[in-house]
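Just below is one structure, and these are the notes that go with it.
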There are 2 protein chains.
Amino acid sequence: MFQGEFSNNMDEKGRVSIPAPFRDTLRTHHTDGQLFITRSHNTDCLIAYPTREWKRLQAAVKEMPAKLRPHFKRAVITPSQLFSPDKQGRILLACALRQHASLSRSVHFAGTGETFEIWDKASWDKQLVTDLAALQDFELDM
Amino acid sequence: MFQGEFSNNMDEKGRVSIPAPFRDTLRTHHTDGQLFITRSHNTDCLIAYPTREWKRLQAAVKEMPAKLRPHFKRAVITPSQLFSPDKQGRILLACALRQHASLSRSVHFAGTGETFEIWDKASWDKQLVTDLAALQDFELDM
DNA sequence: GGTAAATTCCCCACGATTCCCCACTAAATC
DNA sequence: GATTTAGTGGGGAATCGTGGGGAATTTACC
């Protein structure tokens, strides 16, 4: 399980460290240790899928409305990049991906269970304000 | 597998480098290293097929509705060109193909699994905007 | 048919980027 | 306080993209 949020800095060469806890779950729960990183189709962030989850996504593509499929393939499947973090646990994101999430120096990692998201810190903070506002009048009953 | 997106520049002689990762998969997964490049029948791009996939396409042509077959043959099969990248991994596209994809200087390569697409960068960007807009309200359930 | 021009092909060379390794610092752990 | 671990920076080798030169081939034109 990927959970928690972490901020790391991207250096001048464009490298960012994957937070150590995420690297751990990747190593222990996902045998090949590989990550598919791609755009989120409806938010300004990237999503990282371990191989098993990536396969589930590909299966989901086959189930989605046929009209949307080519859009989804171009926007999400094609730009995906396969990573196995280097010895220092860092990855180097391709330009197209960096741009989609408007990543600058401060990069925010957010665990979402079976996958995790990669945000520009500023975008994340902004998003969070929206999220809290939307929930203002909502009472959870449980 | 061809995956990821890459932009390369076409020089004045009309040569473009095939992205190195694509050259790799071509070398390792496709013994003859040859590429059939032709127009896409329904988008403004070119599609590159390794020999094995090209054969599958030809088989598919035989299965398609008889009414469409001659159209498809003329539009897609005829204009195809066979390439084996030069020592530097470059190819020289014929004029007809270049025109169909409106290729100018910046050329975009998009991996789509067993094949890859060749786009003019500007067209690709435009297409991507459309794609993301179409997916805006779509929720993936997986 | 012969000459000139243009195109294609093959090779080399340069600059930028990427990859891989090592090292430093700060924080956490014992 | 010593040791480990995480995040970050930098150096050097290798690779990749790209430009250009010249030979070979093709095309155009007289």
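Reminder, nothing fancy here: chain letters follow the sequence lines and each chain counts from 1.
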If I take atom CG from residue B/L135 and atom CZ from residue A/R74, how far apart are they, to the nearest 0.5 angstrom? 10.0 Å

Answer with base, sugar-phosphate or nothing: what part of the nucleic acid does A/I91 contact at a heavy-atom distance below 4.0 Å? nothing

I want to know whether B/W119 and B/H108 have ring centres closer than 6.0 Å. no

Expected list for residues 41-50 of chain A: side-chain donor-acceptor pairs under 3.5 angstrom, two or more places apart:
from, atom 1, to, atom 2, distance (Å)
A/H41, NE2, B/F138, O, 2.8
A/N42, ND2, B/F138, O, 3.2
A/T43, OG1, A/S40, OG, 2.5

Between A/W124 and A/E5, is there a side-chain donor-acceptor contact under 3.5 Å, judged purely by atom types and distance? yes

All N/O pairs under 3.5 Å across the protein-nucleotides 7-11 of chain C interface:
from, atom 1, to, atom 2, distance (Å)
C/dC9, N4, B/K13, NZ, 3.3
C/dC10, N4, B/R15, NH1, 3.2
C/dC11, N4, B/Q88, NE2, 3.3
C/dC11, N4, B/R90, NH2, 3.4

The residue, B/E12 or B/R23, whose nearest nucleotide of DNA chain D is more 5′ is B/R23

Whole angstroms only, please: what is the CG-C1' distance between B/N9 and C/dT17? 14 Å

Starting at CG of B/N8 and ending at C1' of C/dA16, how long is that distance when rounded to a whole Å? 13 Å

By a strict heavy-atom criterion of less than 4.0 Å, which residues belonging to residues 99-113 of chain A are in contact with DNA chain D? A/R105

B/N8 CG to B/F109 CZ distance, which is reported to the nearest 0.5 Å: 5.5 Å

Within 6.0 Å of CD in B/Q136, more than 12 heavy atoms from elsewhere: yes

Check side chain to side chain contact (heavy atoms under 4.5 Å, CB included) between A/R23 and all other residues, then give those that pass, not counting sequence neighbours. A/I18, A/A20

Is there a donor-acceptor contact under 3.5 Å from the side chain of B/T130 to the main chain of B/K126? yes

Rounding to a whole Å, what distance do you find between A/F6:CZ and C/dA28:C1'? 14 Å

Tell me, which pairs form a ring pair (Phe, Tyr, Trp, His ring centres under 6.0 Å) where one or both residues lie in residues 4-23 of chain A, sequence neighbours left out? A/F2-A/F22, A/F6-A/F22, A/F22-A/F116

As an exercise, state the distance from CZ of B/R15 to CD of B/E12, rounded to the nearest 0.5 Å. 9.5 Å

For DNA chain D, note the earliest and the latest nucleotide, 5' to 3', having some atom under 4.0 Å of a heavy atom belonging to chain B. D/dC16 to D/dG22

Electrostatic pair A/D120:A/R105 at N-O distance under 4.0 angstrom: no

